[in-house]
Amino acid sequence: MEILPYLNRDVSWLSFNERVLDEASDPAVPLANRVKFLAIYSSNLDEFFRVRVAALRSLSALPEKKQRQLPFDPQEVLSEIAQLVGRQRQRFDKLFEGELVPALKQNKVVIYQNEPFLDAHQQEAADLFHSTVLAYLQPVFVGTHRRMKRRDRLPLLESQSLYFALTMRPHQGAALPDTVSPDDTVMAYLNVPKENVSRFVELSPVDGVAYFAFLDDIIRANLSRVFPGYQILGCYSFKLNRAEDLNIDDEFRGNLVKKIKDQLARRKTAPPVRFLYDEAMPPNLLERFVNLFRLQEEDLMAAGRYLNLSDLMKLPLAKQAGLTVPVLPALPCRELDGFESMLEAIGQRDRLLHFPYQSYSYVLRFFNEAAIDPLVYSIQVALYRIAADSVIANALMSAARNGKRVTVFVEVKARYDEANNLRWAKAMKKAGVNIIYSLPGVKVHAKIALVKRRSATAQGRRKSERYAYLSTGNFNEVTAEVYTDHGLFTSHAGMVKDLEKVFTYLKKQKPISRLNHLLVAPVNLQQHYLRLIEREMDLARQGKEARLVIKVNGLEDAVMINRLYEASQAGVQVRLIIRGVCCLLPGVPGISEGVEVIRLVDQFLEHSRVAFFNNGGQPQVYLASADWMNRNLYHRIEVGFPIYDPALREEIFQLLDFQLNDTLKIRQIDEQGQNQTVEPSHKPAVRAQLAMYNWLKQYR
């Protein structure tokens, strides 16, 4: 049996994050945006360690017999990750310190780095330290070099937080505790309270130049106030990443909400997965912290002086002229603006919106109208991630107070949104909304809503009209400003009937019977896509044009990858737009020569999922909430939906075409899974996201 090639998902993900680093390296990208991409890279990597590396560590701890059953060696993958991250970290440091900080300085923005403050700023920094910073500092002594015993009762090291490790020597004549002698070198650690005070402190401009200081450096300059009686010998940054995935063993019994809350609390004391430290830290001080916090050698990772550079996202550069990309204001949809009622517009024909290019206000309007329409009697929604200050959640609460039957499925297992989702679920329940929490064994990742409304017939009888909203993205007006997604409003009788079956399943766990229009994972979504790929293969064997385009955030599932390999060998043109993980390897002789994979990273985060099948010249298009990952196809409730309106299909074709023909922001994935720059051609330059915006501006 032939062994087909697959790239490990975590190695592939690191390739994606390096693509983010490419944007930070690109001199054509405005300077503030390059800094933002550095922050995104750093934030991504932190989550990768907390979730994926933590999972690999767990696998590597399994007995050998069980490890042999895995399709990969977890220890080998961890070793490869360490090498890749090490190389990327060197590139990151060189980029930040050697390129971006000097470039900012040339543009009259100075970030102090390991240098004394100007006279004009010394008092400002001291005043901030005394009036604000000092209130949040928590110094902890951890012994002397003569006494290296483990101290048992220490304040908890918070995951993601930033600290200093210090060595000090008492001043002669200073009052000392009994455990310290005048000749001792004393060790301590100190928090950097970036959760309470901005990590980047804006100081007064001087001669038209903007100045920022790291909070770290303001504290360093005032350490004698924190440790009076001591001479500071050394001060070194460090941070700890803890394993933070919930890994709930699902929930056929017991109180799910309580389990979630308990696990959220346990995140604070979860095992370490990365101890990031200033490489200048002396070995004996590092050893002290290894002993104190029960670290393993594989936890240790040396870095530069300034850690936690995901905080660069909050560096206020937007007001500095010429450093950032001009904001693209969300476009109105004039055809919807012409209707007094969204429900009336949807009742006439399907409506498709493309975010963030077009305004998300129409989704908010849909819920707000449904909340106050006296003829609307039922609203059902599945929420996965919602905004911290959600207009949609407030509209649903208003609807319940207005006497409507409102049922909301809240997925409380949405990673890192558990607490926010629980908070909103509690508030909505108090307002009279019927809340359903999660399901045994699966996450509900579908982005769906169904509104029912009474309407008078010609005979004076009442009938029920149904209006649906189906999307590739979350019900979140904040992320809708930066994530690219598609949202369909429809009253199509077949689709809303199928959607009712999905909501019945969510409410009662009643098996979903035959679906005629919607694709639902794990019921029929994968099977339907496999059949559509098989149909393209049949057409290719008949000598007819056969092609498909799949756009997803991740491609991991071996069943889908194998079918795409088969399609390539059958003569189907396979074009894939994969933002993140891609375990398929294109261009492998005898397996995937007919497969092209591109990765698009730009100003907005590519998030939509699209499947196009040529079907002998009568194309079919599906949008979906599902990536082609194992978790999405087998362990989540996902919904895919067809685009039936020919004009709306043409819109999707055009938008896909811009992406497939991008010449500036795509990278081709090679047979090793690496990003390769597309060679310049004689064609005009195309930047897909900007082209899509301009086209929608003219077209709509």
Side-chain angles (χ1 to χ4, degrees), residues 15-16 19 22-23 352 354-355 357 472 483-486 529 532-533 536 539-540 545-555 560-561 564-565 567-568 571-582 584-587 592-624 627-628 643 646 648-671 673-696 698-699:
S15 172
F16 153 68
R19 174 67 189 90
D22 287 345
E23 286 300 290
L352 184 63
H354 315 285
F355 312 117
Y357 310 106
T472 66
Y483 287 24
T484 70
D485 277 302
H486 307 295
Y529 279 153
L532 294 179
I533 298 171
E536 295 299 317
L539 290 167
E545 181 185 18
R547 61 190 176 96
L548 58 90
V549 179
I550 305 298
K551 181 187 179 189
V552 287
N553 301 322
L555 172 59
M560 304 305 292
I561 292 173
L564 292 172
Y565 283 154
S568 171
V572 180
Q573 182 191 58
V574 179
R575 304 193 73 182
L576 307 176
I577 307 172
I578 314 292
R579 185 194 79 208
V581 170
C582 182
L584 176 147
L585 291 171
S592 57
E593 304 102 314
V595 181
E596 177 188 5
V597 183
I598 62 173
R599 176 175 280 145
L600 175 61
V601 174
D602 199 354
Q603 180 176 353
F604 303 127
L605 179 75
E606 293 295 330
H607 191 255
S608 58
R609 293 89 168 186
V610 184
F612 163 89
F613 303 92
N614 191 53
N615 189 30
Q618 299 180 34
Q620 286 184 278
V621 174
Y622 287 87
L623 308 179
D627 291 315
W628 287 14
I643 301 299
L648 299 185
R649 279 203 303 268
E650 286 296 327
E651 285 186 30
I652 296 294
F653 299 161
Q654 181 60 68
L655 299 181
L656 281 176
D657 191 63
F658 284 132
Q659 294 168 74
L660 292 168
N661 290 288
D662 185 292
T663 61
L664 299 176
K665 294 297 182 180
I666 65 165
R667 299 289 186 273
Q668 284 190 330
I669 308 301
D670 65 17
E671 61 272 18
Q674 299 300 307
N675 304 302
Q676 298 297 333
T677 305
V678 177
E679 291 297 323
S681 68
H682 62 279
K683 297 179 183 177
V686 176
R687 182 178 171 187
Q689 290 188 353
L690 189 58
M692 292 160 72
Y693 179 85
N694 290 332
W695 183 81
L696 286 167
Q698 295 175 349
Y699 179 72

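Please read all numbers here as calculations on a predicted model, not as lab measurements. The analysis underlying the following values was restricted to heavy atoms, covering all of them including side chains, and did not include hydrogens, waters or symmetry mates.
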For [X] against [Y], the heavy-atom pair lying closest together:
X: L564; Y: I533; result: CD2-CD1, 4.0 Å
X: I652; Y: L623; result: CD1-CD2, 4.1 Å
X: A567; Y: V574; result: CB-CG2, 4.2 Å
X: S568; Y: G594; result: OG-N, 2.9 Å
X: T663; Y: A685; result: OG1-CA, 3.2 Å
X: G673; Y: L585; result: N-CD2, 3.6 Å

Checklist entry - Could you walk me through whether M560 and L584 pass the side chain to side chain contact (heavy atoms under 4.5 Å, CB included) check? => result CA-CA 9 Å; M560 304 305 292; L584 176 147; over 6 Å; no

Would you call [X] and [Y] a side-chain contact if the rule is heavy atoms closer than 4.5 Å?
X: F16; Y: N675; answer: no
X: V621; Y: V610; answer: yes
X: Q689; Y: Y357; answer: yes

Can you list everything that forms a side chain to side chain contact (heavy atoms under 4.5 Å, CB included) with [X]? Sequence neighbours excluded, please.
X: Q654; answer: D657, F658, W695
X: L690; answer: L328, R687, N694
X: E671; answer: V588

Checklist entry - So, E23 and K665, do they make that salt bridge, N to O below 4.0 Å? => result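 Yes, E23 and K665 are salt-bridged.
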
Checklist entry - E606 and salt bridge (Lys or Arg N to Asp or Glu O under 4.0 Å): which partner among R599, K551, R19? => result K551

Item to check | Interatomic distance, L656 atom CG to I577 atom CD1 [nearest 0.5 angstrom] | outcome: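 Between L656 CG and I577 CD1, I get 5.5 Å after rounding to 0.5 Å.
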
